[in-house]
**Q** 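Quick one: the structure is below, and I'll ask about it shortly.
Residue numbers start at 1 and run along the sequence shown.
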Amino acid sequence: MKFSEMEYKRPDLSTIKETAETIIEEFEKASSPTEADTAFLEWDKEMSHIETMMSLAYARNTINTADEFYEKEVEYIDEISPLISELELGFTKKLLASPFRPELEEKYGSVLFLNAEMSLKAFSPEIITETQETNKLETAYQKLIASAQIDFDGDKHTISQMQPYKQSADDEVRRTAWIAEGNFYKENSKELDEIFDKMVTLRTAMAKKLGYDNFVKLGYLQMTRNCYSPSDIEKFRKAVVKYIIPVADRLYKEQAQRTNMEYPLSFADSALKFHNGNPCPVGSSDDVIETGRKLYHELSDETTEFIELMLRDELMDVLSKKGKAGGGYCTSFPDYKVPFIFSNFNGTADDVEVITHEAGHAFAYYMARNIIPSSMQSPTLEACEIHSMTMEFFGWRKSDEFFGNQAAKFRYSHLFEAITFIPYGTMVDHFQHIVYEKPEMTPEMRHKEWARLLGIYMPWLKLDGSPFYGEGHGWQRQMHIYENPFYYIDYCLAQTVALEFWTIMQNSHEDAWSRYMRLVSKAGTQTFTQLLETAGLMSPFEEDALQEVSSAVVKWLDENKLQ
């Protein structure tokens with residue numbers, strides 16, 4: 001069914017409660033594993049339907065944040081979602097206490113129950129009010145960013161539409177674009193501070209009510225960190241400082257020489273990889289999508305079926321337009337067993353990365369769409385990001401068609417950005433740990449802390465006095481800090497693994513693809529570290545992992561230097 005034809009019906013809370021109570025009663029009264037399983041599957045179907053309606057509302061709201069109907073629906077969903085979580089908590093308790101748990105665990109696997117146990121620790125009816133208020137603040141942040149209409153080059157632009165100007169080879173255009181965008185954030189900085197300050201207060205209150213010292217523990221539970229802890233992340237962070245930052249610093253020094261810029265670089269100048277401009281895809285948005293279609297036809301029969309479904313059923317909304325929310329994401333509609341891609345094409349290399357990155361998420365869901373229960377169709381998020389970041393590298397086989405005579409520049413830039421992203425992503429996560437360990441920090445203290453961390457993780461940048469970015473406010477543009485606390489380190493862990501996949505691709509595309517398919521086929525039935533073992537990959541928590549991938553990347557970049 002086409003996306004435009006999918007019917008949305010507001011999830012009625014009273015009906016949901018009635019259905020939930022009936023299923024829970026059936027589950028409790030089960031006199032055999034078969035009866036318990038039947039009730040369990042009924043529950044899974046009901047929750048999948050609710051998720052479908054919520055996903056439809058959010059997707060249509062982000063496509064057009066000015067649509068009053070879906071704006072109201074999202075407000076309603078923000079209100080009822082914690083109440084639905086309370087119902088899920090009730091069923092989860094019964095599931096874990098069931099006399100038929102051994103039989104269910106044998107059928108569905110231990111990860112389902114491991115995650116269920118964590119979910120009990122992450123929610124309580126006591127925190128419903130705070131969760132509702134946090135949901136409202138997340139929506140307010142999203143709407144504020146989507147409202148941007150930045151005067152530039154004789155027209156008004158959204159944040160996404162400013163990206164080509166921010167990467168322009170014309171120094172004046174690029175630098176003034178960064179100032180113009182920075183001014184939008186600066187004009188709204190007080191409101192952004194207020195939104196986040198309230199979020200920190202609410203999240204800390206939730207953690208305290210659940211018996212935790214601060215939100216860090218609760219944040220990890222909410223992210224279902226089922227096979228590693230903050231100490232593992234700290235170990236990874238130290239390895240980034242030891243192995244990646246020196247490499248990234250060297251690469252940015254080379255960039256400064258290549259572009260004839262002063263080192264350390266300004267924020268605006270760091271965006272220009274080559275003096276004659278960054279690589280841009282050739283042709284129109286339709287051309288990018290068509291080349292993507294060819295890519296998936298070449299990769300496998302499964303990817304061929306997948307991309308044809310996505311195109312036929314309008315399951316990608318990728319063009320940037322007024323009123324559309326920023327960023328990009330992949331969601332799913334379980335009732336229809338299909339994924340959906342949302343993004344904002346802007347004429348830069350980001351467009352190609354959308355057709356690979358977000359499609360990597362979507363393909364993984366497509367491969368897992370028939371797994372029961374639906375909660376096992378997706379692994380934890382760091383594993384999900386391996387799907388997407390690795391697919392970006394599989395996209396290299398079509399880089400000549402995506403970029404024409406700029407293909408070599410793209411490959412160099414893509415690998416450059418992959419390795420240099422890790423310090424930034426790690427810094428975002430470190431910043432969040434500090435913020436939630438010290439919730440009493442004022443907004444000004446947070447800005448100073450961000451500026452301090454920039455000096456550690458991104459020494460190639462100078463705080464040059466430019467509005468917003470140069471004042472230590474740059475974290476406010478990072479949506480994940482507001483909407484998905486502790487998510488961002490997942491990108492760094494996944495990038496490390498994706499770079500390992502890249503090194504395998506250099507020797508054998510077939511071997512890399514075989515391992516990739518093993519990874520996606522397991523979906524959420526294994527933990528992150530178990531999935532890596534299944535695919536025969538190193539864990540990013542092993543110090544050798546960062547050392548080995550950084551060495552391989554530097555070797556390739558040195559052998560493929562461009563001017």
**Q** Going by salt bridge (charged side-chain N to carboxylate O under 4.0 Å, His left out), Lys143 matches just one of Glu483, Glu71, Glu75. Which one?
**A** Glu71
**Q** Holding to ring pair (Phe, Tyr, Trp, His ring centres under 6.0 Å), I want the full list of residues that pass it with His387, two or more places apart in sequence or in another chain.
**A** none
**Q** Please confirm whether Arg10 makes a cation-pi placement over Tyr76, using NZ or CZ under 6.0 Å from the six-membered ring centre and within 45° of the ring normal.
**A** yes
**Q** With sequence neighbours excluded, what pairs up with Lys322 under the side-chain contact (heavy atoms from CB on, under 4.5 Å) test?
**A** Gln149
**Q** Is it the case that the side chain of Asn278 and the backbone of Ala271 share a donor-acceptor pair, with hydrogens and angles ignored and the cut-off at 3.5 Å?
**A** yes
**Q** Using the test side-chain contact (heavy atoms from CB on, under 4.5 Å), find all partners of Ala59 that sit at least two apart in sequence or belong to another chain.
**A** Phe3, Tyr329, Phe333, Phe340
**Q** How would you list, by chain and number, every residue that makes a salt bridge (charged side-chain N to carboxylate O under 4.0 Å, His left out) with Glu385, sequence neighbours excluded?
**A** none
**Q** Test of understanding: with side-chain hydrogen bond (donor to acceptor under 3.5 Å, both in side chains), list the residues that count as partners of Lys324, not counting sequence neighbours.
**A** Asp317
**Q** Under the salt bridge (charged side-chain N to carboxylate O under 4.0 Å, His left out) rule, collect the residues that match up with Lys45, sequence neighbours excluded.
**A** none
**Q** Taking only residues two or more places apart in sequence, or in another chain, which ones meet Ala180 in a side-chain contact (heavy atoms from CB on, under 4.5 Å)?
**A** Ile150, Phe152, Met162
**Q** Please, which pairs that meet ring-ring contact (aromatic ring centres under 6.0 Å, His included) have at least one residue in residues 43-66, sequence neighbours excluded?
**A** Trp43-Phe91
**Q** Specify whether Tyr491 and Tyr487 have parallel, tilted or perpendicular ring planes, treating 30° as the upper limit for parallel and 60° as the lower limit for perpendicular.
**A** parallel
**Q** Can you sort out the partners of Glu533 under side-chain contact (heavy atoms from CB on, under 4.5 Å), two or more places apart, ordered by chain and number?
**A** none
**Q** Taking only residues two or more places apart in sequence or in another chain, which ones pass side-chain hydrogen bond (donor to acceptor under 3.5 Å, both in side chains) with Gln142?
**A** none
**Q** Show me the pairs that pass ring-ring contact (aromatic ring centres under 6.0 Å, His included) and involve residues 503-542, at least two apart or across chains.
**A** Tyr228-Phe541, Phe394-His509, Phe394-Trp513, Phe394-Tyr516, Trp513-Tyr516
**Q** What residues, two or more places apart in sequence or in another chain, satisfy side-chain hydrogen bond (donor to acceptor under 3.5 Å, both in side chains) together with Glu138?
**A** Arg203
